Structure formats: C-alpha cells, structure tokens
2 protein chains.
Amino acid sequence: MVTLSEENYLKAIYHLGNQGDDAVSTNAIAEQIDAKASSVTDMIKKLAEKELANYIKYQGVSLTETGRLTARSVIRKHRLWETFLVNKLNFSWHEVHDIAEQLEHIKSEKLIDKLDDFLENPTHDPHGDPIPDKNGNYTKIKSKSILDIETGSQGVLSSVKDSSKAFLKYLNKNELALGDTIKVIDFEPFDDSFTIETKSRTMTISREVAENLYLSI
Amino acid sequence: MVTLSEENYLKAIYHLGNQGDDAVSTNAIAEQIDAKASSVTDMIKKLAEKELANYIKYQGVSLTETGRLTARSVIRKHRLWETFLVNKLNFSWHEVHDIAEQLEHIKSEKLIDKLDDFLENPTHDPHGDPIPDKNGNYTKIKSKSILDIETGSQGVLSSVKDSSKAFLKYLNKNELALGDTIKVIDFEPFDDSFTIETKSRTMTISREVAENLYLSI
DNA sequence: AAATATTTTTAGACAAGGGTAAAAATATTT
DNA sequence: AAATATTTTTACCCTTGTCTAAAAATATTT
Ligand SMILES: [Mn+2]
Ligand SMILES: [Mn+2]
Ligand SMILES: [Mn+2]
Ligand SMILES: [Mn+2]
C-alpha cells in the first residue's frame, strides 16, 4: 500500500529526475512538494525502506523500477482525469490541475480503466502531455521548443512545457491553443523575442513564452 | 476546513440519527464507521468544538445546522459520483459504493456542479436514493416497503433500503431492478415469505428481502 | 588549503486519527 | 434498592506526515 503522500513524492522524483533515473536533491523535492527539506529526508527514507526509491545519504534519490511504475500509474490517473474534466465537464485547461491533483489518488484499477475507455483511450492530456497506458508505456510526440526552430519554418502546437495557471491563462488571452499551426516569422536578438504567425494573426512573444511552446513539425 | 474523517463521521451521524436530528450513541457510530468507541468519543468532541455537532457527555450526539448541511453536501457528492459510475462508466450498482466513498471527499464546488449538469441533474442515485441539490434540499419519492403493502396491489420498485453488495448481487441474480413493476401476490404466514410477480416471472422472496424493497404506487 | 556558504540530516516536537485498558456513568436484572 | 451488565469516557500509547533548530556533510570562495 502506497499512501497519498508517498504518491506525490514519487511523482515529484519522477518529474525532477528524468523519469526517476537521475538522482534528485532533497531541496529540489522540497520546493516541488512545498515542504521543508527535513520532511523530505524523512519521506525519502520511507520510500527507500519500501524499495520504491534508491537513496544514499547526501547523494540524492532516484526511483527503483517499482517506484517508476507507481509514479507512472499516478501520472496516468492525473492526465486521464484532466482529460475528463476538459473533454466531458467543459473545464478550461487552466482549471484542471488542482482537481486532478486530488483525483489521481483515488484507488481503483477498474475505475481508471473504465474512465480510459469512456474517454476513448486518449494518448495526450489537455496540455499535450502523453498519457501512459495500463503498463506505464507511452510515446511522446516528437516536438521542439520555438527556441530551437529555425525562422521561416512552421509546426503544430502540440504541448506546453509550463502548465501553470498563469501561463495557460496568457495563452487563452492570446488565443493560442493546442493544435494551432504556428509559423516562426522572425527572431529579434535585442530582447530575444519572436514574431509568430497563427491562422488568425501575427504576434510577438517573449523568449520566456517561446521556450514553453512545443511544436511538432 | 472539514477533514475527510470528519466528513465520514458527519455522514454517519446524519444517517443514524434521522438526518442528524436525533441523538446517536457512540457505539452506533463506532459500528458504522468501523472504529472503536474511544476514537468516536474523541472525534465527536472535535465536531462539537467546530460547532458541527451538539454533544452532551453520555447523552449521544446530533448535528447542528452547519453539520447537517455539510453532511448533505457529502451525500450529494456520493450519490452524484455513484450516478456517474453507473450511467457513464457502466459500472453495476453493486460496485460503486466503495469508489464513491473515496470520490465524495474531493474538494471542488465547481467540479460537483459541472458533474451534476453533465449527468443532467439526476434526482436519484442508482439505488433509488434522492440526491440533494446545491442547497441540500431533496424530495424523497413516496414509497412503502413490500412488508407494508397489501396483497393484490402493485407498484414500481423505486429504491432499496439495503445497498450492500450482497443484497444488490442477489437482486441482479434474480433480475430485479429499479423501475420494475412488482405485484404482491401472496403472503405466507408460516415463514413470513411473499410471492411477487414481475413482468417476466413469479417468485417467492423472504421477509428479509421484502423488507428492503420499496415500491412507489 | 582554509574559510565560508549551502545543503542535508538528525533530534525533538506536534496535530490528526486511531488503538488498549481501566475508570466512570448509565441501564438492566434480580 | 442492590447487584450486575453495558456503555461511554479517560488516560496513555502509536503511526503518519509535518515542522523548527541544531549538527554534520558537502560545495564554493578566497
Ligand atoms: Mn496529488
Ligand atoms: Mn496535464
Ligand atoms: Mn468516505
Ligand atoms: Mn447509493
């Protein structure tokens, strides 16, 4: 039995440490989870005790195979629930994270499998992130940040790196949505800004925004 | 802020004590919640401290108006989720209780309102129990247990008093479902059994079963 | 290579929720 | 009205998950 809190830690380690492969620092987890470093040390010990994590004092923590699979199962639930909230209940993509953060901890294999079917086995959540299948497998759409795309070429907005409410609301305000075709028109070295063109208009975005928009070519 | 555990206690007191009006004994709650009496005493004190319950030592506990509304809100969530599980995810009515027991604690007003709309504002859950509205109001379908119905008359199965897995599976096996028209054909005083007639067949049921079937005339 | 700064761990405390065992209060029998 | 039985409460204890403050280890500067 893995507790709600343990699930949150596993997810944090997974995301911070390249799917749990790389060692993650106590402080990094503390910031992500919004807890103190001492609390994180305690929890890490418990995860190691349960063989969900590999931990060497002062050397950071990574996930065992079981830990990784558990993390993926939580992520699967999180992303399926987000998809439900947006596709079925008509939430906007900036409203769903906090609710999914709760729903991801509901314990029932059957529930999540039936939800998956009900949603017609979606492969990506409302933020363009891939949804792991029952076995934890998924394939990420090959895409590049606008930072790494040559001027003149175009692609389809397939995911956003930052899923914070603030960024998603910025995109809503500027009528940028997943699936939109975006062409990179110009790069301005003075302030590192980009000019992009969408179906409806041409606009300038900051480096910070460009960095978070991923296009598939 | 009312915790998950507090919500479960409020619900128990509500159900055991005539919507929280009557004083409920410590032992009765302990049995319902599956906890020890001493734990119940502790929690009751907390609820009284938060002004969710009225408590006099050795005299049992009832709900305050706030406590009652909170209980109804949890019941509303429970029954809406059960409806979702049966109507949208195709669960059978005997499988949903335990999952709803978890889902009822998800915190989001907006979620439950949108779920309500998505389900097209159902008035009753899969067991025939009424679903309170946003304000905690509901009207119970007027119905009578088969025990209290005269031989020869008929009605529509509108709810089941016992929602246990065992009883619901018995009904499934015997092809009895909400909405079925049932006619009470005979009463046998020897063993208090009843003979009933449904669209498809005539069958004999025990007193214990009859007691749990509610018909609206 | 020291000195200093930062990170991580340890030690000790606390609140929530639950349990045991014994004491106190209330109910039921005799 | 006692005696006995049952229920409820109290007094402690335990686990989970968190925190603060201090100690220890590791990193970074000088
Ligand atoms: Mn979570
Ligand atoms: Mn997402
Ligand atoms: Mn519950
Ligand atoms: Mn129900």
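Just so it is clear, the structure is predicted and the values come from calculations on it, not from any experiment. Naming: A, B, ... by sequence-line order, numbering from 1 per chain. Excluded from the calculations below are hydrogen atoms, water molecules and symmetry mates; all remaining heavy atoms, backbone and side chain alike, are included.
The side chain of A:Tyr55 places no N or O atom within less than 4.0 Å of a non-bridging phosphate oxygen (OP1 or OP2) of C:dT8. Taking only side-chain nitrogens and oxygens, A:Lys57 comes nearer than 4.0 Å to OP1 or OP2 of C:dT10. Side-chain N/O atoms of A:Lys45 include one lying less than 4.0 angstrom from OP1 or OP2 on C:dT10. Within the structure, every side-chain polar atom (N or O) of A:Tyr58 is placed at least 4.0 Å from both OP1 and OP2 of D:dA23. Phosphate proximity of C:dT20 to B:Lys36: present, with a side-chain N or O under 4.0 Å from OP1 or OP2. For C:dT8, one of the phosphate oxygens OP1 or OP2 lies less than 4.0 angstrom from a side-chain nitrogen or oxygen of A:Asn27.
Per the geometry, CD belonging to B:Glu6 stands 15 Å off P belonging to C:dA15, to the nearest Å. Protein atom CG of A:Leu10 is 12 Å distant from nucleotide atom P of D:dG17, rounded to whole Å. Computed from coordinates, the B:Leu4 CG to D:dG17 P distance equals 14 Å when rounded to whole Å. In this structure, B:Lys46 places its NZ atom 15 Å from C1' of D:dT9, rounding to the nearest Å. Rounded to whole Å, atom C1' of D:dG17 lies 14 Å from atom CG of A:Asp34. We find that CG of A:Asp42 is positioned 16 Å from P of C:dC14, with the value rounded to whole Å. A:Ile56 has its CD1 atom 17 Å from the C1' atom of C:dT7, to the nearest Å. A:Ile29 has its CD1 atom 16 Å from the C1' atom of D:dT18, to the nearest Å.
Nucleic acid contact for B:Ala37: base, since at least one base atom lies under 4.0 Å from a heavy atom of the residue. Contact annotation for A:Thr41: base contact, defined as any heavy-atom pair under 4.0 Å involving a base atom. Contact annotation for B:Ser38: base contact, defined as any heavy-atom pair under 4.0 Å involving a base atom. Looking at heavy-atom distances under 4.0 Å, A:Ser39 makes contact with a base.
A 4.5 Å side-chain heavy-atom check between B:Ile75 and B:Glu104 finds every atom pair outside the cut-off. Here the side chains of B:Leu63 and B:Tyr14 are in contact, with some heavy-atom distance below 4.5 Å. Using a 4.5 Å heavy-atom cutoff, the side chains of B:Asp21 and B:Arg68 are in contact.
In this pair, A:Trp93 and A:His127 present their aromatic rings parallel. The plane angle is below 30°, not in the 30 to 60° band. The aromatic rings of B:Phe84 and A:Phe118 stand perpendicular to each other, their planes meeting at an angle above 60°, with 30° marking the opposite boundary.
Between A:Thr3 and A:Gln59, the residue whose closest nucleotide on DNA chain D is further toward the 5' end is A:Thr3. In terms of position on DNA chain D, the residue among B:Gly60 and A:Ile33 whose nearest nucleotide sits closer to the 5' end is B:Gly60.
Helical stems in DNA chain C, defined as runs of 3 or more consecutive Watson-Crick or G-U wobble pairs with donor-acceptor distances under 3.5 Å: C:1-30 with D:1-30.
Between B:Asp116 and the options B:Lys134, B:Arg76, B:Arg79, a salt bridge (Lys or Arg N to Asp or Glu O under 4.0 Å) holds for only B:Arg76.
Annotation: cation-pi pair B:Lys161/B:Tyr214 absent, no NZ/CZ under 6.0 Å from the ring centroid and within 45° of its normal. B:Tyr55 does not carry B:Lys45 over the face of its six-membered ring by the limits of under 6.0 Å from the centre and within 45° of the normal.
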